[in-house]
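Here is the structure we will look at, set down as structure tokens.
Values reported hereafter were calculated over all heavy atoms of this structure, with side chains retained and with hydrogens, waters and symmetry mates removed. In this chain, residues are counted from 1 in sequence order.
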Amino acid sequence: MKMKFVLLIICLFFVRVLPAQKPVTIECRIGEGIGKIMQLSGVNNGQQKILASASYAQNGYYGFRFIPEYEGFYVLGDGKNHEYPLYLKAGDAVSLFMDKDTIYLTGKNNTAENKVLYDWVNLSKRVCEKSIFLVLIYVFTQPLHKRGSLYYTCQSKI
């Protein structure tokens with residue numbers, strides 16, 4: 001009887017623990033204008049913490065495979081100018097293309113969360129580009145004595 005009880009507890013332990021151990025796979029192809037080292041960061045209370053980094057081969061491909069610490073947002077990028085969000089949970093697979101002007105999902109295994117997220121990223125990028133253009137037009141139509149302070153105020157928001 002004790003043996004069955006112990007065996008039952010061990011089985012329940014594995015049933016509960018094993019599903020949480022599904023790794024996330026991220027595959028990416030890099031175009032022009034992106035740094036040589038890519039970083040994957042976790043986000044905790046708005047702060048990024050680098051979880052892994054990889055340099056890509058001459059063919060422009062790299063990837064990450066890891067067990068996520070939590071379900072939620074992560075950041076993928078070169079750590080400088082090109083950083084993009086990902087929503088990851090255990091077992092997800094993400095495939096994307098990234099260059100200096102664009103990022104988009106490729107492949108058939110991307111999750112619905114990341115598809116919606118990247119629709120938003122692409123939409124907001126166009127809005128941001130237009131707003132920066134309008135800010136610059138506004139700045140350069142001001143008299144010279146007002147440009148300096150106004151320019152730095154606008155620049156800090158970008």
Applying side-chain contact (heavy atoms from CB on, under 4.5 Å), can you list everything that pairs with D99, at least two apart in sequence or on another chain? F97, D101, T102
Return yes if some donor-acceptor pair links the side-chain N/O of Y70 with the main-chain N/O of V43 below 3.5 Å, else return no. yes
Contacts of K89 that satisfy salt bridge (charged side-chain N to carboxylate O under 4.0 Å, His left out) - sequence neighbours left out: D92, E113
Please name the pair of heavy atoms, one in G91 and one in V24, separated by the smallest distance, quoted to 0.1 Å. N-CG2, 4.3 Å
Working to the nearest 0.5 angstrom, can you tell me the gap between M38 CE and S55 OG? 11.0 Å
According to the salt bridge (charged side-chain N to carboxylate O under 4.0 Å, His left out) rule, which pairs have a member within residues 54-75, sequence neighbours left out? none
Could you grab the distance from atom CD of E83 to atom CD of Q48, nearest 0.5 Å is fine? 4.5 Å
Quick one: does D78's side chain have a donor or acceptor within less than 3.5 Å of a partner on K36's backbone? no
Y61: what forms a ring pair (Phe, Tyr, Trp, His ring centres under 6.0 Å) with it, not counting sequence neighbours? none
Nearest-0.5 Å distance, CG of residue L96 to CG of residue N114: 8.5 Å
Residues passing the side-chain contact (heavy atoms from CB on, under 4.5 Å) test with F73, sequence neighbours excluded, are Y87, L117
What residues, two or more places apart in sequence or in another chain, satisfy side-chain contact (heavy atoms from CB on, under 4.5 Å) together with Y84? H82, M98, I103, Y118, V121
When rounded to the nearest 0.5 angstrom, what is the spacing between CZ in F66 and OH in Y74? 5.0 Å
Drop me the distance from L40's CG to C28's SG, to the nearest 0.5 angstrom. 11.5 Å
Mind checking the CG-CG spacing from L51 to L76? Nearest 0.5 Å is all I need. 11.0 Å
